[in-house]
Amino acid sequence: MICQECNQRPAALHFTKIVNGETTEVHICEKCAQGKSDLFMDNGGSGFSINNLLAGLLNIESNFQHPKANSFPKTEEVRCPHCQLSFREFVRIGKFGCATCCETFNKQLIPILKRVHSGNTAHIGKIPKRIGGALHLKKQLAEMKDTLKTYIDQEEFEKAAEIRDKIRALEKRVHAQGEGDES
Amino acid sequence: MSLEKFLQNALSSWMNHEGPESDIVLSSRVRLARNFKDYTFPTLFSHEEAKSILELIKKRLESEVNSEIGQLEMIEMEQLQALEKRVLVEKHLISPKLVDESTHGACLLSDDEVISVMINEEDHVRIQCLMSGLQLEKALQLANILDDWLEEAIDYAYDEERGYLTSCPTNVGTGLRASVMMHLPGLVLTQQINKIIPAINQLGLVVRGMYGEGSQALGNIFQISNQITLGKSEKDIVEDLTSVVQQIIAQERAAREALVKTSNIQLEDRVFRSYGILSNARIIETKEASTCISDVRLGIDLGYIQNISESILNELMILTQPGFLQKYAGGPLRPYERDMRRAALIRERLNLDTKEHS
């Protein structure tokens with residue numbers, strides 16, 4: 001049997017590929033197999049790295065928002081009051097200087113977060129026990145229940161159903177957290 | 001020092017335990033990035049701030065640690081020799097960044113080296129739990145215990161909407177990076193990996209070669225980790241990764257089966273050639289060693305080779321790195337001396353097993 005890749009040397013490696021239930025038989029010589037795996041290794045190694053690309057991503061974003069990109073004073077205006085990091089510097093290093101930066105650059109940050117985190121901008125995971133606690137959630141829950149009541153009073157049932165689902169989801173979260181506390 | 005003794009001291013004891021699916025999943029890791037409220041992040045903080053972060057941790061260590069965590073030892077980077085730091089990096093306990101760029105950098109290590117906490121790296125605190133086999137959920141559980149213990153005494157930088165605030169926007173939210181190291185020779189040999197990697201990427205996961213970013217996939221070892229940290233709960237992140245890993249395991253097993261069926265003798269030949277190289281070579285470079293070690297491990301998994309323990313891949317992948325070789329040699333080595341030492345160490349390690357079985 002002759003190698004499928006080079007059509008010259010005899011095939012030394014034979015295998016069956018099963019992709020989505022579709023079976024393909026492959027016969028290639030060792031040399032071609034070697035070449036392929038080397039090629040792959042190099043590509044696989046240099047793989048996609050979000051951190052390296054981040055600075056570039058941030059740049060694109062800022063240019064996009066300010067078509068006259070070099071309008072120096074405009075970008076210089078935003079500067080974190082706590083650590084003095086400017087948006088320009090943030091873009092260059094791709095890192096926040098302090099917790100306040102998140103607030104300072106909030107507006108510019110949203111599209112960036114969306115890109116990096118598949119469209120998400122809001123945290124739905126762990127809440128620190130002591131400083132966060134379930135308090136935030138419970139407060140939010142109370143507010144939502146008030147809104148629900150208003151909607152029902154006003155007979156806006158579609159909106160009411162919507163917020164009812166949200167309340168249920170939130171209650172589940174509070175409940176889950178409560179369980180976490182006990183364990 | 002005898003190799004046996006050296007191994008006992010050199011390898012993390014968690015590596016002795018064979019976790020679930022450990023024929024394909026070498027290790028599971030969970031990392032939580034945390035920062036302290038009111039302190040500038042490490043990218044911009046002053047020496048004084050770095051020092052006070054370290055002091056805060058030291059103070060916290062004085063109080064009792066949860067029994068599930070056990071004793072934690074603090075190691076400051078300034079106290080270590082260059083070679084000692086390198087060995088910690090090669091064991092994946094700390095990052096090169098902590099060694100090279102940190103101010104008042106330190107780490108906390110548990111006895112079994114399952115837990116390592118980096119202090120003053122890219123974030124004030126990075127909690128890491130490393131376990132053998134596929135045990136992401138267990139690793140997350142442990143990391144959470146440690147996280148809660150720290151939070152009892154220290155205020156974290158946390159925002160109601162954005163979650164845990166981190167230096168890099170890619171970590172904001174949960175600050176969680178979950179990853180697994182997988183040995184996938186079957187998928188590489190059958191070239192399915194080329195199709196699988198883009199598919200994994202589409203699921204919001206990242207695939208890399210061994211040893212993090214920008215390095216080659218040495219020895220058919222791949223690291224798979226989550227990319228998204230915002231808008232998904234910790235539990236979902238870990239569950240999603242675990243289920244993808246389980247699918248990859250199934251595909252790898254199927255690929256191995258197919259290889260045995262279609263090219264048994266070629267595969268056996270490949271395995272024993274590599275075994276021959278490892279047991280006879282006098283000079284061997286990292287790349288060749290990695291390839292051969294991967295073949296031998298596959299040979300063990302498939303039953304071609306019977307007198308060598310499975311842990312050889314995990315062990316040799318770590319031990320044949322430059323830092324470890326120099327530690328074993330007891331001093332600095334030139335590159336060609338390393339290749340000689342590497343060959344010698346591999347031969348000795350293989351002998352250790354064959355002697356035991358004969």
Side-chain angles (χ1 to χ4, degrees), chain A residues 12-19 25-26 30 33 36-37 40-52 54 58 82-85 93-103 106 109 112-113 116-132 136 140 173 176 180, chain B residues 35 37-41 43-44 122 144 147-148 151-152 155-170 172-174 176 188-195 197 201 204 206-209 213-217 222 227-234 254 258-259 261-263 266:
Chain A
L13 276 171
H14 313 272
F15 55 86
T16 315
K17 278 197 287 195
I18 306 165
V19 180
E25 284 202 17
V26 179
E30 202 154 341
K36 284 216 160 187
S37 67
F40 160 72
M41 275 187 167
D42 291 343
N43 287 340
S46 63
F48 172 73
S49 152
I50 193 86
N51 277 316
N52 297 344
L54 190 69
L58 295 167
H82 181 261
C83 69
Q84 306 304 318
L85 186 79
I93 57 177
K95 304 255 163 32
F96 296 118
C98 68
T100 317
C101 288
C102 256
E103 273 170 56
N106 191 38
L109 196 61
I112 294 163
L113 288 177
V116 177
H117 299 287
S118 291
N120 299 319
T121 56
H123 175 63
I124 60 160
K126 190 172 178 177
I127 297 170
K129 277 187 183 166
R130 202 170 39 82
I131 60 168
H136 295 310
Q140 208 181 334
R173 230 171 100 196
Chain B
N35 287 287
K37 206 180 155 199
D38 301 328
Y39 287 88
T40 315
F41 292 170
T43 322
L44 294 182
E122 186 181 299
N144 270 330
D147 183 39
D148 294 342
E151 202 256 337
E152 272 172 34
D155 285 349
Y156 281 149
Y158 182 86
D159 179 87
E160 229 176 292
E161 200 190 351
R162 304 268 181 256
Y164 293 94
L165 303 177
T166 55
S167 284
C168 187
T170 55
V172 167
T174 58
L176 169 70
V188 173
L189 276 172
T190 57
Q191 292 177 28
Q192 292 178 71
I193 197 87
N194 296 324
K195 287 184 183 141
I197 290 179
N201 286 338
V206 183
V207 186
R208 298 196 187 100
E213 293 158 47
S215 54
Q216 293 189 322
F222 296 86
Q227 185 193 310
I228 296 163
T229 58
L230 194 61
K232 247 175 131 175
S233 71
E234 288 82 356
L259 278 170
K261 237 182 227 165
T262 55
S263 44
Q266 289 89 343

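Just so it is clear, the model here is predicted, and its values are computed rather than measured. Residue numbers start from 1 in every chain, and the chains themselves are labelled A, B, ... in the order their sequence lines are given, proteins ahead of strands.
Within the 4.5 angstrom heavy-atom criterion, atoms from both the backbone and the side chain of B/Ile228 approach chain A. With a 4.5 Å cut-off on non-hydrogen atoms, B/Asn144 touches chain A through its backbone and its side chain both. B/Asn35 does not touch chain A: none of its heavy atoms, backbone or side chain, sits under 4.5 Å away. For B/Thr229, the parts lying under 4.5 angstrom from a heavy atom of chain A are both the backbone and the side chain. Within the 4.5 angstrom heavy-atom criterion, only backbone atoms of B/Lys232 (N, CA, C, O) approach chain A.
Considering only heavy-atom pairs separated by less than 4.5 Å from chain A, the leading option among B/Ser233, B/Gly204, B/Ser167, B/Gly173 is B/Ser167. The choice from A/Ser118, A/Gly97, A/Gly119, A/Gly125 that makes the most heavy-atom pairs within less than 4.5 Å of chain B is A/Gly97. No other option in B/Leu230, B/Asp147, B/Leu165 has as many heavy-atom pairs under 4.5 Å with chain A as B/Leu230.
When all heavy atoms of A/Ile127 and B/Tyr164 are compared, the closest pair comes out as C-OH, 3.8 Å. Smallest separation of non-hydrogen atoms from B/Ala157 and A/Ala99: CB-CB, 3.9 Å. Nearest heavy atoms, B/Phe41 versus A/Phe96: CD1-O, 3.7 Å. Here the closest non-hydrogen pair linking B/Pro169 and A/His117 is O-NE2, 2.9 Å.
Distance check, rounded to the nearest 0.5 Å: CD of B/Glu151 to NZ of A/Lys129 gives 8.5 Å. Distance CG/A/Asn106 to CD/B/Glu161: 7.0 Å, rounded to 0.5 Å. Interatomic distance, B/Thr170 OG1 to A/Ile112 CD1, rounded to the nearest 0.5 Å: 12.0 Å.
For the pair B/Arg162 (side chain) and A/Thr121 (backbone), a donor-acceptor distance under 3.5 Å is present. The backbone N or O of B/Val172 sits nowhere less than 3.5 Å from a side-chain atom of A/His123 that would complete a donor-acceptor pair.
Using a 4.5 Å cut-off on side-chain heavy atoms (C-beta onward), B/Asp148 and A/Lys126 make contact.
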